[in-house]
Asker: 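Take this structure first; my questions come after.
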Amino acid sequence: MQTVSTLVELRLAVDDLRKSGTIALVPTMGALHEGHLTLMREARRHADHVVASIFVNPTQFGPNEDLDAYPRRLAEDAALLEAEGVALLWAPTVEAMYPTGFATSISVSGVSEGLCGASRPGHFDGVATVVCKLFNQVRPDHALFGEKDWQQLAVIRTMARDLDLVLPQVSNIHGVPTVREADGLAMSSRNAYLSPEQRAAAVTLPRAMRAAIEDIEAGDNVAGALMRLRAALAEAGFGPVDYVTLADATSLAPLAETPQGPARLLVAARIGGTRLIDNMPVGPAKGEE
Ligand code: PAF
């Protein structure tokens with residue numbers, strides 16, 4: 001595996017790979033876990049070569065968020081990627097990504113406004129901008145993202161559609177189902193911040209979500225099911241809950257009634273200082289988890 005950190009090296013390496021086949025890009029912020037490695041394996045099914053990027057993107061962190069504390073372990077991550085057969089690691093510096101005078105931002109209205117967009121102002125502008133840059137830098141045939149960040153995936157697909165991106169085209173932006181720990185907690189680089197007690201309590205999140213989904217699918221009142229989910233989180237020691245929402249799976253518009261089409265239950269809640277998010281399919285045509 002080759003590792004490059006300048007745009008000139010990247011262009012040469014990508015041109016070289018393209019001579020012998022198609023390219024799938026897996027953008028990450030590093031601190032890789034099994035969820036990321038699943039994305040790499042899935043990427044290999046879609047294309048001849050996998051390019052992974054590791055870039056802790058400052059523009060998607062708010063002023064009071066964990067940018068400085070975000071785990072950075074490039075050497076260990078590179079070894080994991082190499083073992084997965086990744087051909088090229090793109091690990092730019094902040095200066096390479098955002099040179100002095102950088103002045104452009106992509107803002108996707110609608111789908112990025114509620115949920116995490118409401119509690120993390122500017123977050124999805126940072127995500128859309130950096131992902132658009134990564135797409136232009138690598139020009140992949142395919143790109144893969146985890147469904148754990150369901151709203152992020154919706155924002156990226158909308159951005160690609162609205163900006164007529166050809167590489168990758170929207171249908172080649174693939175969502176990969178969330179990888180979970182044995183007890184059901186969604187894998188996340190932020191789980192490393194949890195104390196043993198917080199980690200034990202965190203499992204309430206997927207469990208209470210599954211209970212709420214069972215109730216909703218059985219025809220229970222949606223507001224009541226969501227209220228019980230909030231109460232279960234509070235009882236387990238979760239602090240502020242940013243949102244507990246049943247939403248249309250594509251538009252992310254909130255649903256107050258039992259869903260008739262594909263829907264998602266989405267939650268963001270803090271335990272100690274750590275903000276955890278999760279989402280699961282609800283109702284007919286779930287299929288993917
Ligand atoms: O999901 C992530 O790790 C990041 O938001 C992404 C897509 C790599 C953009 O920085």
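In each ligand, atom 1 is the first atom listed, and ligand 1 is the first ligand listed.
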Asker: Relative to each other, are the rings of His142 and His174 parallel, tilted or perpendicular (30° and 60° limits)?
Answerer: parallel
Asker: Suppose I only count heavy atoms of Gln60 and a 4.0 Å limit; which atoms of ligand 1 are within that range?
Answerer: 4 (C), 5 (O), 9 (C), 10 (O)
Asker: Within the 4.0 Å heavy-atom shell around Pro27, which atoms of ligand 1 are there?
Answerer: 8 (C)
Asker: Need the ligand 1 atom indices (1-based, order shown) with element for anything under 4.0 Å from a heavy-atom of Val130.
Answerer: 9 (C), 10 (O)
Asker: Write out all pairs satisfying side-chain hydrogen bond (donor to acceptor under 3.5 Å, both in side chains) with one or both partners inside residues 228-240, taking only residues at least two apart or from two chains.
Answerer: Asp215-Arg228, Asp220-Arg228
Asker: Parallel, tilted or perpendicular, judged at 30° and 60°: which one describes the rings of His36 and His33?
Answerer: tilted
Asker: Counting non-hydrogen protein atoms only, what is the nearest one to atom 5 (O) of ligand 1? Give residue, atom name and distance.
Answerer: Gln152 OE1, 2.7 Å
Asker: In terms of atom number and element, which parts of ligand 1 are under 4.0 angstrom from non-hydrogen atoms of Thr28?
Answerer: 8 (C)
Asker: Checking Phe61 now: which residues fulfil ring-ring contact (aromatic ring centres under 6.0 Å, His included) with it, not counting sequence neighbours?
Answerer: Tyr70
Asker: Going by side-chain contact (heavy atoms from CB on, under 4.5 Å), Met1 matches just one of Leu88, Val50, Val86. Which one?
Answerer: Val86
